[in-house]
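Written out below as structure tokens is the structure these notes cover.
Computation of the quantities below employed the complete heavy-atom set of this structure, encompassing side-chain atoms and omitting hydrogens, waters and symmetry-equivalent molecules. In what follows, chains carry the letters A, B, and so on, assigned in the order in which the sequence lines appear, proteins first and then strands, with residues in each chain numbered from 1. Remember, it's a predicted structure, so these values are computed and weren't measured experimentally.
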Amino acid sequence: MSEEKSLNFIEEIIEADLATGKHQSITTRFPPEPNGYLHIGHAKSICLNFGLANKYGGSTNLRFDDTNPVTEDTEYVESIKEDVRWLGFEWSKELYASDYFDQLYALAMQLVEKGLAYVDDSTSEEIATQKGTPTHPGTRNQFAQRTVEENKQLFLDMKAGKYPDGAKVLRVKIDMASPNMLLRDPIIYRIKHAHHHRTADAWCVYPMYDFAHGQSDSIEKITHSICTLEFVPHRDLYDWCINQLGTFPSKQYEFARLNMTYTVMSKRKLLQLVNEHLVNGWDDPRMSTISGMRRRGYPAAAIREFCDRIGVAKRENLIDVGLLEFCVRENLNKTAQRRMVVFNPLKLVITNFDNELEMLSSENNPEDENGGAREMPFCKELFIEQEDFMEVAPKKYFRLAPGQMVRLKSAYIIKCDEVIKDANGNITEVHCTYIPESRSGSDSSGIHVKGTLHWVSAKHAIQAEVRLYDRLFKVEDVANAEGDFKDHINPDSLQIISNAYAEPALAKDTMDQQFQFLRKGYFVIDKESNSTKLVFNRTVTLKDAWAKEVKKG
RNA sequence: UGCCUGAUAGUAUAAGGGUAGUACAACUGAUUUUGGUUCAGUAUGUCUAGGUUCGAAUCCUGGUCGGGCAACCA
């Protein structure tokens, strides 16, 4: 055996279940409610559920927990399917809790017939007060005394639409004094005369999560029902329903949900960002949504790797977004095509270069021997980055400065001779001479320089818009920061450079291709890009040791 | 005041009575035609007080701190 990776606690449970023969194979499920877009937290759950089934030879269902018609929509169903597929997973069955409405209703009726459920006419306020508090027991009301026959008829009438919303609920009779508040006769059915995105107006009673989820698991013979920690107190009720109904004994296991620095993960907050136009839609590249990350250029494989690295445990956590960025860089470094793009141009004139044009070859990816190369036009007039030139250079500045030499990547070593300024003293051009023997690949100059700059030919460069993204929030732990989360939004999370100068090869490149703009970061073409206007999103920056040095002072 | 749950470097996550390890982050240095990549190295940790034991991150007891629980949401 090769070295074994240690198991997380769920894998241990599964291996034990398989070893004892409790289960021959496993079945998991990913059960989103279609009321919003998926985010990176869901990715953790998706990777866990599908990953477990893949690892142990089982299967995973995609089940939409669509028991609340007022919040749900097919738009979300479609986006969720797209996101799961994009992440690289295939579900064995596409299912809906709404598919089970008949069965669920019949199961609830069984509870009624066993005298374990009753129809309650109380208002929600009355029910709430009768529940007591965590330290004081609740009290049962007179409706709990109704006979089985009476309850049967009432539950039938609820389904038949005889009552308005809120008039009656079906409650399960457990224990009004239970220390677990969820066992104090929880509601399992409520009346909602609402249009459901799949069952339309067929139903006016809908099951509550606690009843529908566990029984849906049972119907699908889910062996390991994996959810997040906030459902721990629900497990007693989950088991109670299964035991009373004698349905398939699915078991619920809970892990800690993902929290990440500098972002928000709750559907409510994400929805607010979208609705209040603080971002440009669910797929805004700054969003923690899967669709946002996809648009930003995060590879699915990098997200999977991230989910793998963060682990699965039961303690609250706040993962450094830097780990996600590391996974993205690690993936892209090996795959991204290298290109040169100048964001803030400074004209550079090579005074001793008299050819009209010279084509130079530059490798597409130094990490990939078979990556090939492309040709880049080299001329007398070039653009380099403004920040790559300083008239008065500090120590350890390896870039261009009067009298200093640098290499132009894949081209020649140049020396800065003269700085040209306008009447206001602003630098307009830098004049250099090049060393003809220093050509990349056939350098016989014997000169060694410390800095290498990216560049484009002024005459041949094409224009592009470049969108630079930074973290959406200024504070690490947004959910626990003081005040409203929107107070912490980073006002500089999007910077648009509308006139960047790109090497001509980029005009021929296509959607979905990932690039590394040399010394600038990883980029991907945005969906708003077209033949007349190229638009790139910065996926992530490169690590920048020099920026760190400058910061230290 | 009750119940449930958790606690290992800065952040995560292993070690299941026997050397506290790994990754990211940080810091040094080497290599480099990307201040990228790669490589080598450094520093930093078992919440606390007792107990059991030859030996405790691990088992026991008490405490401390964090999270959750009283939606006709999921």
Side-chain angles (χ1 to χ4, degrees), chain A residues 5-8 12 31-33 35 65-68 70-72 120 122-124 127-138 165-171 178-182 184 186-192 205-206 208-210 212-213 227 229-236 254 256 261 267 309-320 322-327 329-330 333-334 338 340 362-363 366-367 396-399 406-413 438 440-441 443 448-454 476 516-521 541-550:
Chain A
K5 203 185 161 200
S6 57
L7 304 178
N8 65 48
E12 287 179 354
E33 182 188 13
N35 68 346
D65 237 340
D66 55 350
T67 56
N68 187 359
V70 301
T71 58
E72 298 154 6
D120 192 330
S122 307
T123 64
S124 56
I127 289 177
T129 44
Q130 288 161 10
K131 267 196 180 164
T133 69
T135 49
H136 293 286
D165 288 8
K168 288 179 166 48
V169 292
L170 184 71
R171 290 227 256 170
S178 172
N180 182 348
M181 296 297 292
L182 284 158
R184 322 251 262 226
I187 295 168
I188 62 166
Y189 262 89
R190 78 288 214 188
I191 300 170
K192 272 183 197 279
V205 290
Y206 292 92
M208 296 282 288
Y209 165 85
D210 281 300
H213 195 92
C227 61
L229 247 27
E230 65 266 32
F231 292 99
V232 169
H234 295 247
R235 190 174 59 231
D236 287 342
E254 312 85 8
T261 55
K267 276 186 189 171
R309 281 174 179 258
I310 57 179
V312 177
K314 299 188 81 137
R315 67 186 88 106
E316 307 281 333
N317 58 74
L318 180 63
I319 308 273
D320 187 348
L323 181 61
L324 212 207
E325 293 173 343
F326 166 82
C327 294
R329 288 192 191 102
E330 186 188 43
N333 177 47
K334 285 181 239 141
R338 312 291 131 122
M340 295 198 218
S362 190
E363 74 272 20
E367 305 292 313
K396 292 205 271 185
Y397 185 80
F398 303 151
R399 307 176 186 185
V406 296
R407 173 172 292 280
L408 296 176
K409 171 72 183 172
S410 298
Y412 297 94
I413 292 174
S438 68
S440 284
D443 185 351
H448 289 281
V449 292
K450 285 205 154 178
T452 300
L453 310 184
H454 64 280
E476 272 203 341
Q516 185 195 104
F517 292 174
L518 247 60
R519 306 207 301 137
K520 284 295 180 186
T541 59
L542 257 24
K543 278 214 293 195
D544 190 346
W546 172 242
K548 212 180 261 181
E549 192 70 30
V550 170

With a non-hydrogen cut-off below 4.0 angstrom, is A:Val312 in contact with a base, only sugar-phosphate, or nothing?
sugar-phosphate
Please list, chain by chain and in numerical order, all residues satisfying side chain to side chain donor-acceptor pair (under 3.5 Å) with A:Lys192, sequence neighbours excluded.
none
So A:Pro32, base contact, sugar-phosphate only, or nothing? Heavy-atom distance under 4.0 Å.
nothing
Could you check whether A:Arg309 gets within reach of a base, just the sugar-phosphate, or nothing at all, counting any heavy atom under 4.0 Å?
sugar-phosphate
Are any side-chain N or O atoms of A:Arg190 and backbone N or O atoms of A:Gly166, one a donor and one an acceptor, separated by less than 3.5 Å?
no
Indicate, with a heavy-atom threshold strictly under 4.0 Å, whether A:Phe326 touches base, sugar-phosphate, or nothing.
sugar-phosphate
Do the rings of A:Tyr209 and A:Phe231 sit parallel, tilted or perpendicular, given the 30° and 60° boundaries?
tilted
Span that lies between the C1' atom of B:rA9 and that of B:rU44, in whole angstrom
5 Å
With side-chain hydrogen bond (donor to acceptor under 3.5 Å, both in side chains) as the test, would you mind laying out the steps for A:Ser122 and A:Asp120 before giving the verdict?
CA-CA 6 Å; A:Ser122 307; A:Asp120 192 330; 2.6 Å; yes
Could you tell me whether A:Asn68 contacts a base, only the sugar-phosphate backbone, or nothing, with contacts defined as non-hydrogen atoms closer than 4.0 Å?
sugar-phosphate
Please state the C1' separation for the pair B:rU8 and B:rG16 - nearest whole angstrom.
14 Å
Hydrogens and angles aside, do A:Thr452 and A:Arg519 bring a side-chain donor and acceptor to less than 3.5 Å of each other?
no
Looking across every strand, which nucleic acid part, if any, lies under 4.0 Å from A:Lys520 by heavy atom: base, sugar-phosphate, or nothing?
nothing
Using a cut-off of 4.0 Å on non-hydrogen atoms, how would the nucleic acid contact of A:Arg329 be classed: base, sugar-phosphate, or nothing?
nothing
Once you apply a heavy-atom cut-off of 4.0 Å, does A:Val169 come out as touching a base, just sugar-phosphate, or nothing?
base
Assess whether side-chain contact (heavy atoms from CB on, under 4.5 Å) is satisfied between A:Ile310 and A:Asn317, documenting all intermediate values.
CA-CA 10 Å; A:Ile310 57 179; A:Asn317 58 74; over 6 Å; no
Across the strands shown, which category fits A:Gly451 at heavy-atom distances under 4.0 angstrom: base, sugar-phosphate, nothing?
nothing
Could you measure between the two C1' atoms, the one in B:rA20 and the one in B:rG55, and give it in whole Å?
15 Å
Would you kindly compare A:Arg407 and A:Arg235 by the position of their nearest RNA chain B nucleotide and give the one closer to the 5′ end?
A:Arg235
Restricting to ring-ring contact (aromatic ring centres under 6.0 Å, His included), what partner residues turn up for A:Tyr412, sequence neighbours left out?
A:Phe378, A:Tyr434
Assign each of A:Arg315 and A:Leu453 the nucleotide of RNA chain B bearing its closest heavy atom; nearer the 5' end lies the nucleotide of A:Arg315
Give A:Glu12 one of three labels, base, sugar-phosphate or nothing, depending on what nucleic acid heavy atoms sit under 4.0 Å from its own.
base
Toss me the dot-bracket line for RNA chain B: Watson-Crick and G-U wobble, both under 3.5 Å, 5' to 3', using | for pairs to another strand and [ ] for crossers.
.((((((..((((....[..)))).(((((.......)))))....(((((..]....))))))))))).....
Given the C1' atoms of B:rA57 and B:rU46, what is the spacing between them in whole Å?
5 Å
Taking any heavy-atom pair under 4.0 Å as a contact, classify A:Glu367: base, sugar-phosphate, or nothing.
base
For B:rC59 and B:rA23, measure between their C1' atoms and round to the nearest Å.
30 Å
Could you check whether A:Tyr206 gets within reach of a base, just the sugar-phosphate, or nothing at all, counting any heavy atom under 4.0 Å?
nothing
For A:Lys543, answer base if it contacts any base atom (sugar-phosphate contacts may also be present), sugar-phosphate if it contacts only those atoms, and nothing otherwise; contact means non-hydrogen atoms under 4.0 Å.
sugar-phosphate
Taking heavy atoms of chain A and a 4.0 Å limit, find me the 5'-most and 3'-most nucleotide of RNA chain B within that range.
B:rG2 to B:rA74
For B:rA43 and B:rU38, measure between their C1' atoms and round to the nearest Å.
23 Å
With sequence neighbours excluded, tell me which residues meet ring-ring contact (aromatic ring centres under 6.0 Å, His included) with A:His454.
none
Begin from the C-alpha positions of A:Glu363 and A:Lys409 and carry the test salt bridge (Lys or Arg N to Asp or Glu O under 4.0 Å) through to its verdict.
CA-CA 10 Å; A:Glu363 74 272 20; A:Lys409 171 72 183 172; 3.2 Å; yes
State which residues pass side chain to side chain donor-acceptor pair (under 3.5 Å) with A:Glu254; sequence neighbours excluded, sorted by chain then number.
A:Arg235, A:Gln252
For A:Arg184, which contact category applies under a 4.0 Å heavy-atom criterion: base, sugar-phosphate, or nothing?
nothing
